[in-house]
Structures are given as C-alpha cells and as structure tokens.
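Step one of this worksheet: look at the structure below.
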Number of protein chains: 2
Amino acid sequence: MIVLPLHKGSNAERSRHRNRQAILGQVRIAGTIGRAEIARALSLTTQTVSNIIADLSEDGLLLEKGRLSAGRGLPAIQYALNPEGGYALGIEIRPDAIFAALLNMHGKAVVTERIAITQAQPETVLTYVNALYARALDQIKNAQGRTLGAGIVMPGPFGVTGIAGMGSDLPGWQQVDAEAFFTEAIGLPVMLSNDANAAAMAERVNGLAQDITSYAYLYFGAGLGLGLIHGGQLVHGAYGNAGEIGHIPLPAQRGNLENALSRLSVQRHLKSVGKDAREIEALDQLFQQGDADLMAWLRTASEALGYAMAIVENIFDPQTVILGGAMPDAVLDHLVAHASLPERSVSNRPNAPHPRLMRGAAGRMTATLGAAALILNRALSSPNSYAH
Amino acid sequence: MIVLPLHKGSNAERSRHRNRQAILGQVRIAGTIGRAEIARALSLTTQTVSNIIADLSEDGLLLEKGRLSAGRGLPAIQYALNPEGGYALGIEIRPDAIFAALLNMHGKAVVTERIAITQAQPETVLTYVNALYARALDQIKNAQGRTLGAGIVMPGPFGVTGIAGMGSDLPGWQQVDAEAFFTEAIGLPVMLSNDANAAAMAERVNGLAQDITSYAYLYFGAGLGLGLIHGGQLVHGAYGNAGEIGHIPLPAQRGNLENALSRLSVQRHLKSVGKDAREIEALDQLFQQGDADLMAWLRTASEALGYAMAIVENIFDPQTVILGGAMPDAVLDHLVAHASLPERSVSNRPNAPHPRLMRGAAGRMTATLGAAALILNRALSSPNSYAH
DNA sequence: CGATTAACTCAATTTATTTGAATTATCAAT
DNA sequence: ATTGATAATTCAAATAAATTGAGTTAATCG
C-alpha cells in the first residue's frame, strides 16, 4: 500500500504548467497588462513571461492590445484574455430538467439551453447531455476543440475526496461514479459539484468576487447551502460535504436554519395561508404587492439570516458573504437590507473594504453557470497557496 | 500599483525546494521509507529522489535505517527523519508569563521553560524571549544553528493577511508589527498565531492528527477558540481571525457559546456558589470529587458542545474534531463522552474511520508546543493542494 | 537633443529533472 | 543449488525550462 502524500513533487513540465496558469490568471485579474508587469507580480523574469506568452498567443488564449505608454521607457505591449480562446461547458442536472451553458473565457454565457426530462436514469441523462453539448457547439463553431472541460452540478451528496465513487441522490445514480461516468462519455475533463459550491465559483469567475479570494456564498437551492471559497479555491471538506449550513439548529428550538430560510420554508409558509409560491415569478409578484404573509416570513428569515451570518463570519472570517440562488432579486435585496448583522462578530470591523453581505447572481441558471465556472477557475489558477 | 497575484510563478530552485519539503513530509508520514517508494508517491523519478535524499542526509535531516527486504528485488535502503536534524522554537506570551519550548523534528519537546513576568511591554518581552531561547540552546548544544524558526503565540487579534502590522491585545503592542519585530530581534523566521490555531497544529505534528489532514480543534483558552486545518494547513480566514467560534450566539438566548463552554464560564459558575476553580488542579479535584455544581455546569457545557459540533461539522465536514486546551484531561474526557452529537449532521456517517470527537493534548503547554509545531509543519509541507 | 528609463529580444548559461543503460541483491521456480 | 525474474539503486547523458547578460527600441525628462 502506498502512503498518500500531502502533495506531489515538481519538475520542469509541471512548473511550466503552473506558470502558464499563473500568467493567464494574472492577465485575467488585470484586464490588460504587459509582460514586465506580469513578471514582477509573479517573481519570474520577463524572458520567461515572454516565452510563455508566445505560447499562449499561439494557442489563441491571449490577444495583443497595442502598446501602453506609462512614463519613461519603451511602452509595454498590452495583453488581454481572448474571450474566444477557450470555452467551458456547464451542466446542471435536476430531477425534472437539464440545464446547459457554454461560457467563454470572460465567463460570459454564449449559449444557454434547457431540456425537460421525465426520468433521470444515467443513460437517459447522458443522451440529453450530449445532445445539449452538440447543440451548443452547433451555435458556437469556434468552441469545437476549444472546450476546456465540463462542470456538472447534480444533487449530492457525493464524495469529492475519500468516499470515491459515491453517487448522487438522484434515482438510479447511487451506484454510479458520476465523475468517471461523464468523463468517459463526454470526452472532456469533468468536475462535479453541488449547487452552492458552483454558485460560489460563478461569482468568482464573472461576478462580485472577481477580486475577492476569500468569501462564502449562501445559496437558496432546495434547502440552504453554503459555498466556501478560500484563497480562490473551493473548500470541500474532508468528504466533500462542507457547507451544509441548512442543517444547523436554530436558536430557540425552531428547528434547522433551513426551516426558516429556504425556498421550501417560504413555500410552506405561504401554502399554509393558501398562497402558491412555487414559481419564482409568483414569489416576486407577492413581494411587489407587499403581501403581508410574505413580509411576515421575511421577518423570521431575516433573523435567521443574521444568525447564519454570525456563524459564517465567526468561523470563517471571510472578506464578504454573498447571498443568491433561487429567489427573486427583490427578495434577496430585501434580505440583504434587513438581515440583522451580529455586532459581536470578527467581521464587524471599521473601514471594511467590502460590505459584510451582498446580493449575488440569482435565478434559475446560477448553478449552471457556476458549473462552467469551476472549469474556468481551474484554467486560470492552481489550487495552491496565496502568494505572500 | 502592482496587482497582487493569486500565486507566484515557479522555477528550478522553487521546484527543488518544494520537492525537498515533499520528500521530508513523505518520510515523516511513512516513518521509514525507501527512495523508490517516495518516488512513486510523489510522481518523481528515483534519481531525483536520490539526489535530494543525498542533500538531506548531508544536511543531517535524514538517517539511514538499513535495508528492508520486501518481496523480490534489491531491498530498499530505509530512511527516517533524524530527530536531531532540526529544532523549532515555540514561544507563548501571556500577560503574566512567557512559556518556551524547543521541539525536535519528531515534534518532541526537548526543552520547556517558563518565566513569570510583571509587564508585557515589547522590549521587556523580547529580553525574556531571548533569554529563554539562550537557555534552551544551552541545554541542547546541537540546536545551535539548527533552529528552523520560532512560532509565537500571543493574544490576538492580529492580521495574518490584509491588515498588515496590526498588533495584539497586549498592552503596548497595539502599534507593533509583532512578526517583523520578533523576526528582526530573534534572528529566526517567525510565525505568529493565536492559541487555538497553534494547538490545532500541535496535534498534526505530534498527536492525534498525524495522519488526518482535515480537522477542527476546539480549544479552551481564555474563551473558546477553533483551529481549522484543511489539507494539512491552517485556515486563517481573510483577516486571520477565522475560528472565533466562542462569539456565536447560543440557542435559547443564553448568550454566546463561550458563555456556556469556556474556562471563564466554569470559573464564574463555581464562583457563584463560593468555589474557587481558577487553577486547573482545583478543577480537576472538584471533578474527582464528583462536585455537584461542576456536574451541573458540565451538563450545560455538554449541550453547548453538541451545538458547537453541529456547526463545525455541517460547515466544515472535517474528518474529526479534537477537544483540548486549558482543562483537566478528565473534564475533557467527560465532555467528549457526554456531548450530544447531533444526528442531523453530515459527519454522522456509518463506518466513519475516525470518531467524531476526540480529546487532544491539554494543559498549560499546549499552545506553546503548537507554536513550535507551526514551524515544523512548514518545514515538512507546502501550503499547497492535496495530491489527487 | 542628449541622457535616462523601461520593455523587450537574442544567445548563452544554469538548475534540476528525466532517461537509459548497467549493477546489485533478493525471491521464486525448477 | 542454479537460474531467471524482479526491484532498487547508480552513473552518465539528455532534456526542459528557467535565468543571466548584452544589446535594441521607444518613450520621457531636463
């Protein structure tokens, strides 16, 4: 039996790969940037950066954007990501539908598709996934051969590490190693995740968190999920199930957090007074009307949110917390505005550079876009330590 | 202004450094191991491993332990860490005392010292720290020139990242960048941390967590702290204050977690009935006598502990949680045995390879040893991703 | 307009890993 | 007991990718 190492060794090839990622990532955060500046940021020589940039340009990942004169000296040739240099496929599998999105290197969705399904057996799902992927390629000819991988979101729990080959909650998937199954069948590198984690990553690649490396994302899915990003990478936990914040008991014996703060919670509350809010649109309409029952729910939800914030902030000390998922924007905004943020929290600091709570991307496609974002993030950064 | 990169570039020298760390770390987890096996584990060639092992042996960090024949083929020469190959200094600064410990490469304390102080001004503290270090070197001649660094624990909060130069709670330290101050003055690389984080790392280097890479440490210090280890490295949070679990409000409006679960809490409870438990020994004695007031406190504390477990497990999904710090072993054991572990938790899995809650190292020196462990851990691993 | 500064390129060098052939010691089968 | 297979190790040569240093280009400053 081989003793698993904490991390693997390095060689010239792996160094090059890392440096490519680092340069791409640096171009991304800078927008446009010259070679010498990249070299300074990454502690590499300009010569090395030049060589790798020649490679990346050759591969179509970078574009020249003219020279920028800044003070004395030869003006630096500026480089920027080529949005069409690569694509990432995002797939979200639900019991009743499959969503797909194709993102370019800027994290912009260039294709979105959905398909209703009546059964979610692996083979059936696979047929649809391949069909959706083919449809996407049909619309973006350029993406043929330039798709970096597929991120897939499906109902957990599965074992990202440790319990290998553990399947999903979906019927028929219990015995399936979904990651291996899709990798084989789609012919692309696959990353598997749950909705909250994917949503969190979406904000990093194209959203509020592009320059934030440590944050948490509170996600309204079926229940209440939490995606943790630390050093620009997802924190999965030992068994891949970190972020199950909905299961935490509420103060004052009112059950779990997701009893007060989730789609199911508001649906149940409104149903008990004879109102239907299964669709986001219906919920939005009730909110616009100032519906008293919804407002009552929002009061307890805001309280629960404040409590969730106390937990997340004090345990994780993030730069910010982002709230998003399957809720109308207006409702999320209301929650953000009315959450009673705990005073006794490490995050309650003067002159904080970010608000403690922000509204993220919401709606049906959040997790699908996030699935693709997992792939983009991998292309633009290594799961390694912060510099400094 | 230079845009901060997520991670720096790599070159031959940094590769070598990483590979040295990886090999040392692999030898540590294996105990004794041959070169070919290291090569397989780290995805390096045996030749590379041979070269680096020659280096490490030359530096006195590794010892040959004869050949081990295992099946066919030439029996591999076994290598093991040389416990005297390097040392780490741990310093804990408290308002009324300074503790020091010198650990060898096995994580064993070869010297421990303490000194009572009456004031904790930076210059005064420094004098004592240097004196303690000198005393340690005096006892372990071999450690001269072989001390890898100093880990320092002092009352926070400080900014590990972000808020640079932010000082401690100790009087006179507010304006001092303690890390720079000590680095300069001791002449060793310095790592600064709080007590809970240090205690967590102590378990990893020489304790229950030597083969556990993802866990949380609940620490009884002044209040209640939490050290988070993920992928073998500390999770500090964006501003270095992750793990302030004591501030989280308790269910049923009973104040914070540390109101029910901390040294201060038990002291206050016992004082209200006229009993003194400021010293650990006094507390231990009361426990041995089965004191009814202490037992009453333990009941609410166990409940609070179960609640803390629900939070930590569901948010972080660790392999295990370790309980330790300034409490008698017997009290910790009682808490471990009587904590009502939540049923609805991601950690409540069948066939878990580790208990959900374990007792760690306790007592006065825990944090001091942990301070040194920070240095050892850095020598034996990179703050990088898991392999696989 | 010349001096200075900074980005960039080219060619040579350096570092560290990999590759491939040769050597050695053990186990297993005859 | 002998022989062949297997695995660890070493040596020397090759390779990959970084750095170094000298030279070129194009800006700004005085």
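In what follows, chains carry the letters A, B, and so on, assigned in the order in which the sequence lines appear, proteins first and then strands, with residues in each chain numbered from 1.
A donor-acceptor contact closer than 3.5 angstrom links the side chains of S43(A) and K8(B).
Between the CD1 atom of I52(A) and the P atom of dC8(C) there is a distance of 15 Å, rounded to whole Å. At whole-Å resolution of the value, CG in L68(A) and C1' in dC8(C) are 15 Å apart. The distance between atom NZ of K8(A) and atom P of dT17(C), rounded to the nearest whole Å, is 16 Å. When the P atom of dA16(C) is taken as reference, atom CZ of R20(B) falls 11 Å away, rounded to whole Å. The interatomic distance linking R14(A) (CZ) with dA16(C) (P) rounds to 16 Å, in whole Å. Atom CG in L42(A) sits roughly 14 Å away from atom C1' in dA18(D) (whole-Å rounding). A straight line from CD of E13(B) to P of dT15(C) spans 10 Å, rounded to a whole angstrom. In this entry the distance linking NE2 of H17(B) with C1' of dT15(C) reads 16 Å, nearest Å.
Taking each heavy atom of T213(B) and Q319(B) in turn, the nearest pair found is N-OE1, 3.0 Å.
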Protein proximity profile, nucleotides 1-11 of chain D - base contact B, sugar-phosphate-only contact S, no contact -, cut-off 4.0 Å on heavy atoms: ----SBBBBBB
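The ring pair (Phe, Tyr, Trp, His ring centres under 6.0 Å) test applied to Y87(B) returns no partner, not counting sequence neighbours. The side-chain hydrogen bond (donor to acceptor under 3.5 Å, both in side chains) search around T147(B) returns Y133(B), not counting sequence neighbours.
A donor-acceptor distance shorter than 3.5 angstrom exists from the side chain of N104(A) to the backbone of H106(A), with no hydrogens or angles considered. Within the 3.5 Å criterion, the main-chain N or O of P75(A) finds a donor-acceptor partner in the side chain of R67(A). The closest donor-acceptor contact from the side chain of H7(A) to the backbone of S382(B) lies under 3.5 Å.
Nearest-nucleotide positions on DNA chain D place A12(A) closer to the 5' end than the other of A12(A) and G71(A).
Taking only side-chain nitrogens and oxygens, N19(A) never comes nearer than 4.0 Å to OP1 or OP2 of dA17(D).
Across all strands shown, N51(A) has no heavy atoms under 4.0 Å from either base or sugar-phosphate atoms.
Nearest nucleotide to the L44(B) side chain, out of dA16(C), dA18(D), dT18(C): dT18(C).
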